[in-house]
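Data first, discussion second: the structure below is written as structure tokens.
In this text, all values refer to a predicted model and were calculated from it rather than measured experimentally. Both ligands and their constituent atoms are indexed starting at 1 by order of listing.
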Amino acid sequence: MKMLFAVVTLLTFFSLKVDGQQADKVSLGVYYETLCPDSIAFITYQLYPTIQSLGLEKINVDLVPFGKASWTESGSTISFSCQHGERECKGNKIQACAKSELDTSALIKFVNCMESASSPDRAGKSCAQKQGLNYTTIENCANGAKGSQLLKEQGVATKSLVPKPNFIPWITVNNQHTSDIQNRALDDLKGLLCDSFPQGATKPSGCK
Ligand SMILES: *[C@@H]1O[C@H](CO)[C@@H](O)[C@H](O)[C@H]1NC(C)=O
């Protein structure tokens, strides 16, 4: 009996994993780059206020800082080229490193703080201090091989999107991208997420 229970639990777990979402949760994917004005506007005017209002209990957020960058590898060295230049690569690395260190709630707060600054790529330290985070860990990561590896992972995720992004930020909801999802996300992310729950699901109390 115990064995049967274990098997059923495992099967349930995998069937939920298959679609990349849990039954009563909505998943949001944000493919962005740190110095892109449209990404900055989305994060500060849509993402952050929406998550403040809806919380993260019923929403999975994946922030993927890469955008239209590309990379080449020679031996163990990974070199990046970013749409808004070298400084954007640095900003993307800082946020890829923060993503590996922080829970989603702290990450969204940190990213929002950086993206609200006049030079997002230079705001990591003051934003970390504001949140009581140890910036040394994030900075060491961003300046080293780990930061490159983590940024490449964001690149792999971005390059594997179907359809391929033709605009940044690129938004997915429940792993889907359509022009309706994209357009609504950019001006009513909260409404979009609230409308994306399966029928009968208990929505966050912020959905009115
Ligand atoms: C911050 O992290 C660094 C490197 O990971 C560590 O050496 C240092 O002791 C930490 N500082 C604090 C205040 O925790």
* Among Y32, Y31, W170, W71, find the residue that satisfies the ring pair (Phe, Tyr, Trp, His ring centres under 6.0 Å) test when tested with F66. =>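 Of all the options given, the one that passes is W71.
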* Scan for disulfide (SG to SG under 2.5 Å) pairs involving residues 145-186, sequence neighbours excluded, and state none if there are none. =>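 Non-adjacent pairs meeting disulfide (SG to SG under 2.5 Å): zero.
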One pair per line, please: each N/O atom of ligand 1 matched with every protein N/O atom under 3.5 Å away, atom names first, then the distance to 0.1 Å.
| residue | atom | partner | partner atom | Å |
| --- | --- | --- | --- | --- |
| ligand 1 | 2 (O) | N134 | OD1 | 3.4 |
| ligand 1 | 2 (O) | N134 | ND2 | 2.3 |
| ligand 1 | 2 (O) | T137 | OG1 | 3.3 |
| ligand 1 | 5 (O) | T137 | OG1 | 3.3 |
| ligand 1 | 11 (N) | N134 | ND2 | 2.9 |
| ligand 1 | 14 (O) | N134 | ND2 | 3.4 |

* Set of disulfide bond (SG atoms under 2.5 Å apart) partners for C141, sequence neighbours left out ->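 Checked C141 against disulfide bond (SG atoms under 2.5 Å apart); matches are C97.
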* Sidechain N-carboxylate O distance under 4.0 Å for K203, D24 ->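 Salt bridge: no.
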* So which residues get pulled into L35's cluster when ILVMFWY side chains under 4.5 Å apart are joined, directly or through others? ->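 When side chains under 4.5 Å apart are linked, L35 ends up in no cluster with other residues.
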* Are V26 and I108 connected, step by step, through hydrophobic side chains (Ile, Leu, Val, Met, Phe, Trp, Tyr) whose heavy atoms are closer than 4.5 Å? ->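 V26 clusters together with I108.
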